[in-house]
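Worksheet: one structure, shown below.
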Amino acid sequence: MEEEFFFESNEDAQRSVERYEEMLRNQDQYFFDAGAFEYIVDFYIEKNDPVKALQVVDFAISQHPYATVFLIKQAHLYILTNNNEKAFIALQKAELLESSEPDIYLLRGNIFQNTERFDEALQNYEKALGLAESTDEILLQMAYVYQSMGDYESAITYIKLSLEQNMENQDGLYELAFCYDVLDKQEESIKFYQQYIDTDPYSYAAWYNLGNSFHKLNLFEKAIDAYDYAILIKEDFSSAYFNKGNALVQLDKYDEAIAVYKQTFEYEPPNADTYCAIGECYEKLEKMDEARSYYKKSVKMDPKMADAWFGIGVTLNFEERYFESLHFYKKAIDLEAENADFWFAMADAYYKLGQIDESIEAYEKVLEYNPLDIEAWLDFSTVLYEQGKLLEAAETMAEAIKNNPEAAELYYRMVAYLFALGNYGDALGYLETALTTDPDKHYILFEYLPQLQDNSAILNVINRYIR
């Protein structure tokens with residue numbers, strides 16, 4: 001007969017695990033009480049070894065067939081190992097033994113949620129809610145289901161209920177920020193976080209999310225204040241430093257932003273995003289060597305960092321090293337082929353190198369990807385005009401106006417092209433529209449074609465609009 005060992009239930013976890021592993025080595029069968037088994041199962045779960053944990057659970061069930069806890073753990077492990085059918089069976093057995101155990105319905109809800117059977121997930125979570133003592137996590141799970149269903153209003157309701165139960169739940173605060181963001185309700189978000197902070201002024205996550213909401217409304221000073229509070233409460237909160245840096249950039253405070261970005265390195269290893277952000281600040285300060293050095297650090301850390309490759313190109317362009325800049329613009333475009341800004345820089349570099357055909361092709365890409373870029377339309381039409389392609393320049397301007405009917409500068413430019421083509425009647429019609437849209441910008445016309453200052457027909461029209 002095999003020898004059986006009985007352990008005291010208060011035996012510590014490590015001792016239980018050692019005895020269990022000794023039993024396996026001896027190919028023997030010891031007896032463990034339920035508490036010891038729970039220790040052993042949790043030990044393997046924490047070690048991220050669900051297969052071994054499952055073996056322990058099977059053994060525990062053979063020794064304690066009426067202990068619901070092991071059937072629930074078994075179901076949990078089956079879910080972790082993507083075996084939903086077996087998980088359902090284990091939960092069914094558990095329900096027969098102890099139908100008032102909330103974890104049964106919580107786990108069943110998880111399976112339904114993972115397989116996008118959202119209504120059934122919610123039904124099970126509802127059942128768990130009615131049975132559980134602590135409900136904040138269940139409410140949060142229900143919020144996630146509503147998010148997956150695209151019902152962000154309901155998600156917000158459930159997240160708020162969850163936070164009422166447990167104000168310490170950081171996940172809830174971040175999820176709430178996400179829902180408000182999707183619904184573009186930053187004002188409501190601000191109101192909520194301000195109320196939350198009144199109740200819990202030391203919640204760094206609430207201050208951080210408040211800062212983000214201010215940031216999205218372009219209230220950068222207020223955002224910085226909120227980030228400062230978050231940092232005051234949690235000194236090593238690197239995301240708050242990073243976002244504070246971004247807010248300082250929006251206020252053109254580049255030196256301060258650089259210092260704040262560099263502070264993140266005290267609390268987490270440097271990353272490509274931060275190096276790139278520092279590079280951009282140096283670029284704005286026209287310190288191109290420093291900018292280039294940080295952009296290079298960024299791409300060395302992450303070769304897929306398109307903005308940093310582009311940044312290197314921009315620094316070379318600033319130094320009139322146009323041919324070299326093209327190489328880096330191309331690298332950026334290889335990673336983000338539909339980025340209009342990248343193509344715009346490329347078009348400009350080709351133009352400066354006198355490679356007009358390539359420049360025209362690049363401008364066409366810019367306007368394909370961003371037909372709202374007024375600067376690009378003006379520059380592109382200028383290139384065509386300088387090449388003597390007057391008709392194409394005018395046609396391009398007509399296309400620009402179609403995409404940007406509110407932009408007065410496009411109408412003024414059209415007047416110049418139509419005059420150059422000798423089409424005076426249409427030119428004066430466009431001039432009327434331009435003056436109706438924005439009379440103060442009429443100087444654009446004379447900047448482009450100074451000789452029009454002596455044209456009495458044009459001056460007569462302008463004088464009717466300008467007193």
Side-chain angles (χ1 to χ4, degrees), residues 220 242 245-262 270-367 369-370 372-387 409 444 447-448:
F220 302 116
F242 185 76
N246 292 345
L248 287 163
V249 166
Q250 296 295 332
L251 295 169
D252 300 339
K253 296 181 173 180
Y254 301 114
D255 286 310
E256 282 181 57
I258 289 167
V260 174
Y261 285 137
K262 287 181 179 175
N271 61 56
D273 282 318
T274 311
Y275 278 146
C276 187
I278 294 172
E280 283 177 30
C281 289
Y282 279 123
E283 180 199 311
K284 292 278 196 270
L285 293 166
E286 297 188 359
K287 296 180 174 177
M288 294 304 167
D289 286 339
E290 287 98 325
R292 197 155 46 238
S293 116
Y294 274 93
Y295 285 138
K296 283 178 181 171
K297 286 180 185 189
S298 177
V299 296
K300 190 174 176 190
M301 196 163 259
D302 177 5
K304 287 192 163 58
M305 196 77 190
D307 282 338
W309 288 115
F310 178 67
I312 296 171
V314 171
T315 63
L316 293 164
N317 178 75
F318 183 84
E319 293 166 359
E320 297 181 14
R321 294 156 69 181
Y322 307 122
F323 184 72
E324 288 171 77
S325 77
L326 280 174
H327 170 73
F328 293 97
Y329 293 154
K330 282 175 185 165
K331 273 185 170 298
I333 286 170
D334 284 343
L335 292 164
E336 284 182 26
E338 296 186 7
N339 187 313
D341 293 340
F342 296 174
W343 282 107
F344 199 169
M346 186 101 124
D348 186 54
Y350 276 131
Y351 174 74
K352 285 168 177 159
L353 288 165
Q355 297 181 33
I356 303 302
D357 290 344
E358 288 86 346
S359 178
I360 287 171
E361 273 177 44
Y363 273 119
E364 283 167 351
K365 290 281 191 192
V366 180
L367 298 165
Y369 299 132
N370 183 10
L372 304 180
D373 190 332
I374 290 159
E375 249 352 275
W377 284 111
L378 291 169
D379 287 3
F380 180 33
S381 67
T382 300
V383 173
L384 295 169
Y385 182 78
E386 285 174 1
Q387 296 306 301
E409 48 269 65
I444 295 172
E447 272 181 3
Y448 202 73

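Note that the structure is a prediction, hence the values are computed from the model and not measured. Along the sequence shown, the residues carry numbers beginning at 1.
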Q | Test log, rule ring pair (Phe, Tyr, Trp, His ring centres under 6.0 Å), inputs Tyr448 and Tyr385 | A | CA-CA 11 Å; Tyr448 202 73; Tyr385 182 78; 5.7 Å; yes

Side-chain touch [X]/[Y], heavy atoms, less than 4.5 angstrom:
X      : Y      : value
Leu248 : Phe220 : no
Tyr295 : Glu280 : yes
Tyr275 : Lys300 : no
Asp252 : Lys284 : no

Q) Would you say the side-chain atoms of Ser298 pair up with the backbone N or O of Tyr294, donor to acceptor, closer than 3.5 Å? A) no

Q) Is there a donor-acceptor pair under 3.5 Å between the side chain of Trp377 and the backbone N or O of Leu372? A) no

Pair up each side-chain donor or acceptor in residues 345-357 with any protein partner under 3.5 Å, not counting sequence neighbours, and list the distances.
| from | atom 1 | to | atom 2 | distance (Å) |
| --- | --- | --- | --- | --- |
| Asp348 | OD2 | Lys352 | NZ | 2.6 |
| Tyr351 | OH | Glu386 | OE1 | 2.4 |
| Tyr351 | OH | Glu386 | OE2 | 3.3 |

Got a second to check how far [X]'s [atom1] is from [Y]'s [atom2], nearest 0.5 Å?
X      : Y      : atom1 : atom2 : value
Ile333 : Lys331 : CD1   : NZ    : 13.0 Å
Leu316 : Met288 : CG    : CE    : 10.0 Å
Glu256 : Leu251 : CD    : CG    : 9.0 Å

**Q.** Non-neighbouring partners of Glu409 that pass salt bridge (Lys or Arg N to Asp or Glu O under 4.0 Å), sequence neighbours left out
**A.** Lys441

Q) With Glu319, which residues qualify under salt bridge (Lys or Arg N to Asp or Glu O under 4.0 Å), at least two apart? A) Arg292, Arg321

(Q) Going by the rule ring pair (Phe, Tyr, Trp, His ring centres under 6.0 Å), which residues pair with Phe342 if we only count those two or more places apart in sequence or in a different chain? (A) Phe310

Q. Ring pair (Phe, Tyr, Trp, His ring centres under 6.0 Å) with Tyr363: which residues, sequence neighbours excluded?
A. Phe344, Phe380

Which pair of non-hydrogen atoms, one from [X] and one from [Y], has the smallest distance, and what is that distance?
X      : Y      : result
Leu367 : Asp373 : CD2-O, 4.1 Å
Ala277 : Phe242 : CB-CE1, 4.3 Å
Cys281 : Tyr261 : SG-CE1, 3.8 Å

Donor-acceptor pairs are to be reported for all side-chain atoms of residues 301-308 against protein atoms at under 3.5 Å, with residues two or more places apart or in another chain.
| from | atom 1 | to | atom 2 | distance (Å) |
| --- | --- | --- | --- | --- |
| Asp302 | OD1 | Lys304 | N | 2.9 |

Q. Trp309 vs Phe328 aromatic rings, parallel, tilted or perpendicular, using cut-offs 30° and 60°?
A. parallel

Q. Between the side chains of Thr382 and Asp379, is a donor N or O closer than 3.5 angstrom to an acceptor N or O?
A. no

